[in-house]
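Each chain gets a letter, A, B and so on, in the order the sequences are listed, and its residues count up from 1. None of the values given here were measured: they were computed from a predicted structure.
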Number of protein chains: 2
Amino acid sequence: MSRRSGILEFAVLGLLRESPMHGYELRKRLNTSLGVFRAFSYGSLYPCLKTLVERGWLTEEHETAAPSQEGERQDRQASLTGRRAKIVYKLTAAGKEHFEELLSHTGPDAWEDEHFGVRFAFFGQTSRDVRMRVLEGRRSRLEERLAKMRASLARTRERLDDYTLELQRHGMESVEREVRWLTELIETERTGRDLEAGDDAVPPPRRPGDAGGRPRHRGGTPPDPSDDTA
Amino acid sequence: MSRRSGILEFAVLGLLRESPMHGYELRKRLNTSLGVFRAFSYGSLYPCLKTLVERGWLTEEHETAAPSQEGERQDRQASLTGRRAKIVYKLTAAGKEHFEELLSHTGPDAWEDEHFGVRFAFFGQTSRDVRMRVLEGRRSRLEERLAKMRASLARTRERLDDYTLELQRHGMESVEREVRWLTELIETERTGRDLEAGDDAVPPPRRPGDAGGRPRHRGGTPPDPSDDTA
DNA sequence: GTTAGCATGTAAGGAGTTACATGATTTT
DNA sequence: AAAATCATGTAACTCCTTACATGCTAAC
């Protein structure tokens, strides 16, 4: 019952697909990697993790155990962690499968504001045609919205005061801007080129590798004096 | 208890301040005038109206007087449920006072994403210094956010795949754009110049001049074949 | 004479938040 | 030794949505 999280569930599965993590770190990642769009609290994260485990999509590994028997402790400050986690969550095969299915399911939800952001964040794990469907779906959704806004504006212009008008103007410009962004992305996908920030002021010094495939990274997670949502 | 709506309550009071309305129209206005930011359904609107009445901020006026040709037909159940009651909601003195207080209360809520949009929509009913506080509060909120995003990006750049990176880049640009917009608005407020008076032919790009507090248009509201949220 | 739009509501529930409660480990 | 941060959780509540239920009135 309950906990049918849409976005949170999706994001958790997606992050855990990349590597196992415990709740605390998961939450930090949620609020930085995808955090522009959404911020989550423990109050929603932990219950969500719980039900994902219940459904068999995650396993818990209590690795805080072993209070008694402890022969060698060479792994303490050896390589990566340094910190030990209490409960490490890990994606099961079923969970992976489920996430894959969610990824390829391009229902009309997929282009709603918040859904779209999270989906985009996991585009690296999707096939190109799914990406295209989502990008185009999102774009036409925004174009619909634009049309309505224009119509509404034409009808009611006289009755609105300057601030309301300015608000609407700015809102429309934002939407137009996102449409242009999407169009660029779609074009990039279509021509099969790699993703490169085009009109940016400061082009990232990064060589884009393979856009179609594996985000394969796992290094030592650095101490990370990470932020919290203010 | 319950129904402590933040945004919806505020918006309803604000719209009713301009003129009395019944629920159906109210909802349309909510979803067009302020609709870029929020969409509300009847399921939240009507209960909200109810509690606002309970608190003495609104009055209901059951429209019963339907002067039709057949004089006997209308008074079947005249007082309470005439013909399918059309209820016009109207702001009371207390409600007006309460709204005024909400307007001038520039707590740290006022610059959160959705709150800000709705507040801005009613800027015409506020004093200049309140407007300034809200605009500047919003801007520094966004600048904080930008700083965090930059820091987080610098820390994690290598671990992110191209799509996540692009998402973050676009998000940051959006925020930067809003900051520039706010800066312009603040400047306009500060210099106090009201650009064009607005009664000449077609002033192309409109800036919010000084609304001075008066949105005093109320004419015959045209039939309005208005849209619904798709 | 039936669809389409106007108009008002309710019950159930979804998706999250806040505030609380607790304790371990590191840093100062 | 105190403060900060890491780490996990729960209960109560908020605010809104969906789906349902009803009925009027204009238009095609």
Side-chain angles (χ1 to χ4, degrees), chain A residues 1-12 21-28 30-31 37-51 53 60-65 67 76-77 81-89 109 112 114-115 118 221 223-229, chain B residues 1-12 21-28 30-31 37-51 53 60-64 66 68 73-74 76-77 80-89 109 112 114-115 118 223-229:
Chain A
M1 237 79 235
S2 70
R3 270 336 129 203
R4 283 218 117 282
S5 186
I7 293 172
L8 181 51
E9 179 183 310
F10 185 81
V12 164
M21 259 176 276
H22 55 268
Y24 194 84
E25 197 192 341
L26 206 40
R27 191 233 178 198
K28 279 194 308 187
L30 281 171
N31 292 191
F37 300 91
R38 266 274 187 198
F40 296 99
S41 60
Y42 298 120
S44 42
L45 176 57
Y46 283 115
C48 174
L49 285 169
K50 209 178 199 176
T51 69
V53 169
E60 290 178 341
E61 257 168 51
H62 298 255
E63 71 172 41
T64 186
R76 271 288 297 210
Q77 62 226 45
T81 53
R83 290 202 66 72
R84 67 213 186 100
K86 286 195 81 173
I87 303 175
V88 174
Y89 292 93
D109 284 7
E112 286 311 315
E114 285 158 339
H115 281 49
V118 181
T221 318
D224 234 22
S226 170
D227 67 338
D228 205 28
T229 313
Chain B
M1 33 238 56
S2 72
R3 275 332 133 204
R4 278 221 118 283
S5 186
I7 294 173
L8 181 52
E9 179 183 311
F10 184 81
V12 164
M21 259 176 277
H22 53 267
Y24 193 84
E25 197 191 340
L26 205 41
R27 191 228 177 203
K28 279 193 308 186
L30 281 171
N31 293 191
F37 301 91
R38 266 275 185 201
F40 296 98
S41 60
Y42 298 121
S44 42
L45 177 57
Y46 283 114
C48 174
L49 285 168
K50 210 177 197 174
T51 69
V53 168
E60 291 178 340
E61 256 168 52
H62 297 255
E63 248 183 34
T64 341
S68 48
R73 186 64 177 252
Q74 56 159 115
R76 288 198 343 225
Q77 305 170 330
L80 272 185
T81 31
R83 37 190 203 104
R84 185 62 181 181
K86 192 170 172 177
I87 304 174
V88 175
Y89 292 92
D109 284 9
E112 287 310 314
E114 285 159 339
H115 281 49
V118 180
D224 226 24
S226 170
D227 69 337
D228 206 27
T229 312

Kindly give the heavy-atom pair with the smallest separation between [X] and [Y], and that separation in Å.
X	Y	value
A:Leu30	A:Ala11	CD2-CB, 3.5 Å
A:Glu60	A:Val53	CG-CG2, 3.9 Å
A:Glu114	A:Ile7	CB-CD1, 3.5 Å

For the residue pair A:Arg27 and A:Phe40, would you count it as a cation-pi contact if the rule is NZ or CZ under 6.0 angstrom from the ring centre and within 45 degrees of the ring axis? no
Starting at [atom1] of [X] and ending at [atom2] of [N], how long is that distance when rounded to a whole Å?
X	N	atom1	atom2	answer
A:Phe40	D:dA7	CZ	P	20 Å
A:Leu45	C:dT18	CG	C1'	16 Å
B:Met21	C:dA7	CE	P	13 Å
B:Ile7	D:dC16	CD1	P	6 Å
A:Leu8	C:dG14	CG	C1'	13 Å
B:Tyr46	C:dA7	OH	P	8 Å
A:Glu114	C:dG14	CD	P	18 Å
B:Asp109	C:dT18	CG	C1'	13 Å

How long is the straight-line distance from SG of B:Cys48 back to CG of B:Leu26, given to the nearest 0.5 Å? 8.5 Å
For [N], does OP1 or OP2 lie under 4.0 Å from any side-chain N or O of [X]?
X	N	result
A:Tyr24	D:dC6	yes
B:Ser44	D:dT17	yes
A:Tyr42	D:dG9	no
B:Lys86	C:dA7	yes
B:Lys50	C:dT10	yes

Tell me which nucleotide among D:dT17, C:dG16, C:dT8 gets nearest to the side chain of B:Ile87.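 The answer is C:dT8.
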Closest listed nucleotide, where the reference is the side chain of B:Ser41 and the choices are C:dG9, D:dT8, D:dT18: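 Side chain of B:Ser41 sits closest to D:dT18.
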